[in-house]
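Heads up: the structure comes next, in structure tokens.
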Amino acid sequence: MQKPWVRVVLAVSIDGRITPANGGKANLGNQGDRRVLEESLSWSDGTLIGANTLRIHENICLIHDKNLINKRLSEEKFEQPISILISNKNNYSYDWMYFKQPIHRWLINPLNSIESNKVPKYFERLILFESNWSDILEKIFQSGIKKLVVLGGAKVVESLLIEKQVDELQITLTPKLLGGSHSWISHKITNLPMEYTEDNCWILNEVKVLEGSEIMLRYILDQSNKKNK
């Protein structure tokens with residue numbers, strides 16, 4: 001199977017939370033985190049975001065750095081990576097800023113939630129989730145997306161991890177304590193693959209000290225370890 005290289009990009013509090021204890025927007029990440037996020041967006045061919053995360057923010061991050069945009073254009077890419085939304089139900093609002101942003105949009109829906117194969121308004125492509133991430137990622141790869149950035153939420157990240165589809169983690173630690181149960185991986189998840197939990201399976205690839213006492217960490221999965229399983 002061929003699939004995109006999957007990089008999960010997150011900003012988390014020191015205690016590993018992504019939203020406040022009572023839910024809602026955490027407003028994690030400052031200028032430095034924004035910069036490394038845009039660098040990852042520039043690197044990617046597409047991004048993946050869950051519907052619940054989009055409902056909270058109603059938009060996605062765009063690349064604003066002109067140098068990054070010009071580099072993408074020189075590589076014959078779109079100015080912005082293709083945005084792929086995964087949603088169980090098409091109950092989003094077209095009033096969201098997301099549908100006004102200058103991006104190409106694809107939609108992933110479960111097969112049993114679709115009444116027809118008609119592509120919904122504002123989306124250019126519909127991909128049906130029939131069984132697992134392996135099939136979906138192969139379809140995405142065949143559509144030209146070789147590098148995929150996952151922007152959340154937690155359920156999307158967890159499901160990709162459980163199915164052994166994540167290759168890289170980019171995590172910005174922000175100097176906040178949020179408490180609560182909204183971690184980027186739920187404490188209820190007990191079936192993570194051994195490839196992700198064994199000693200030395202994640203290799204530290206990059207460390208950046210950012211403004212505001214933030215630190216960006218990038219870990220790459222030991223692919224030899226993954227292939228041997």
**Item:** Gap between atom CG of Leu217 and atom CG of Asn205 - 0.5 Å precision
**Value:** 11.0 Å

**Request:** Starting from the C-alpha separation in whole Å, work towards a yes-or-no answer on side-chain contact (heavy atoms from CB on, under 4.5 Å) for Ile103 and Phe78.
**Result:** CA-CA 9 Å; Ile103 54 177; Phe78 297 130; over 6 Å; no

**Request:** Please say whether more than 12 non-hydrogen atoms of neighbouring residues, nucleotides or ligands are located less than 6.0 Å from NZ in Lys71.
**Result:** no

**Prompt:** Does any non-hydrogen side-chain atom of Gln101 lie less than 4.5 Å from one of Ile60?
**Reply:** yes

**Request:** Please name the pair of heavy atoms, one in Arg72 and one in Ser42, separated by the smallest distance, quoted to 0.1 Å.
**Result:** NH1-O, 2.9 Å

**Message:** Counting C-beta onward and ignoring hydrogens, is there a side-chain heavy-atom pair between Leu48 and Val156 closer than 4.5 Å?
**Reply:** yes

**Request:** Check whether any side-chain heavy atom of Cys61 lies under 4.5 Å from a side-chain heavy atom of Arg34, and answer yes or no.
**Result:** yes

**Asked** What's the shortest heavy-atom distance between Leu62 and Leu41, and which atoms?
**Response** C-CD1, 4.2 Å

**Prompt:** Is it the case that one hydrophobic cluster holds both Ile171 and Ile203, taking links as side-chain heavy atoms less than 4.5 Å apart, direct or via other members?
**Reply:** no

**Prompt:** Given side chains that start at C-beta, do those of Ile145 and Ser143 come closer than 4.5 Å, heavy atoms only?
**Reply:** no

**Request:** Please name all residues satisfying salt bridge (Lys or Arg N to Asp or Glu O under 4.0 Å) with Glu79, sequence neighbours left out, ordered by chain then number.
**Result:** none

**Close side-chain approach of Arg55 and Trp96, heavy atoms under 4.5 Å** = yes

**Complete:** Result for side chain to side chain contact (heavy atoms under 4.5 Å, CB included) between Gln165 and one of Val8, Asn132, Leu160 points to Leu160

**Request:** Take Val9 and Val36 through the test side-chain contact (heavy atoms from CB on, under 4.5 Å) and record every step on the way to the result.
**Result:** CA-CA 10 Å; Val9 177; Val36 295; over 6 Å; no

**Item:** Leu107 versus Ser87, closest heavy-atom pair with distance
**Value:** CD1-CB, 4.3 Å

**Prompt:** Is there a path of hydrophobic side-chain contacts, each under 4.5 Å between heavy atoms of I, L, V, M, F, W or Y residues, that connects Tyr94 with Leu126?
**Reply:** yes

**Message:** Show the nearest heavy-atom pair for residues Asp45 and Lys77, with the distance to one decimal.
**Reply:** OD1-CE, 3.6 Å

**Message:** Please enumerate all residues that pass side-chain hydrogen bond (donor to acceptor under 3.5 Å, both in side chains) together with Trp184, with sequence neighbours excluded.
**Reply:** none

**Item:** Electrostatic pair Asp167:Lys3 at N-O distance under 4.0 angstrom
**Value:** yes

**Request:** Report the C-alpha separation of Tyr92 and Phe99 in whole Å, then their side-chain angles, then the decisive distance to 0.1 Å, and conclude whether the ring-ring contact (aromatic ring centres under 6.0 Å, His included) test is met.
**Result:** CA-CA 10 Å; Tyr92 31 73; Phe99 292 103; 5.6 Å; yes

**Request:** Please check if atom CD in Gln31 has more than 12 non-hydrogen atoms from other residues, nucleotides or ligands closer than 6.0 Å.
**Result:** no

**Item:** Joint hydrophobic cluster, Leu10 plus Met216, side-chain heavy atoms closer than 4.5 Å
**Value:** no

**Item:** Reported CG-to-CZ distance for the pair Leu204 and Arg218, which is rounded to 0.5 angstrom
**Value:** 10.5 Å

**Item:** Closest heavy-atom pair and its distance - Pro175, Ile14
**Value:** CA-CD1, 3.7 Å

**Message:** Do Leu210 and Arg35 make a side-chain contact, defined as non-hydrogen atoms from C-beta onward lying under 4.5 Å apart?
**Reply:** yes

**Message:** Looking at every non-hydrogen atom in both residues, tell me the closest pair between Leu221 and Tyr196 and how far apart they are.
**Reply:** CD2-CE2, 3.3 Å

**Worked verdict on Trp133 versus Ile86 for side-chain contact (heavy atoms from CB on, under 4.5 Å)** = CA-CA 11 Å; Trp133 275 113; Ile86 179 166; 3.6 Å; yes

**Item:** Partner set under salt bridge (Lys or Arg N to Asp or Glu O under 4.0 Å) for Glu158, not counting sequence neighbours
**Value:** none

**Request:** Answer whether the closest heavy-atom distance between the side chains of Leu137 and Leu148 falls below 4.5 Å.
**Result:** yes

**Prompt:** Taking it one step at a time, do Leu178 and Thr19 satisfy side-chain contact (heavy atoms from CB on, under 4.5 Å)?
**Reply:** CA-CA 7 Å; Leu178 295 178; Thr19 65; 5.9 Å; no

**Message:** If we count only N and O atoms by modelled type, under 3.5 Å, do the side chains of His104 and Arg125 hold a donor and an acceptor together?
**Reply:** no

**Message:** Tell me whether the count of non-hydrogen atoms from other residues, nucleotides or ligands lying under 6.0 Å of NZ in Lys146 goes above 12.
**Reply:** yes

**Asked** Is Leu85 reachable from Ile56 through a run of hydrophobic residues whose side-chain heavy atoms are each under 4.5 Å from the next?
**Response** no

**Prompt:** Would a 4.5 Å heavy-atom cut-off, applied to side chains only, mark Phe123 and Asn109 as touching?
**Reply:** no

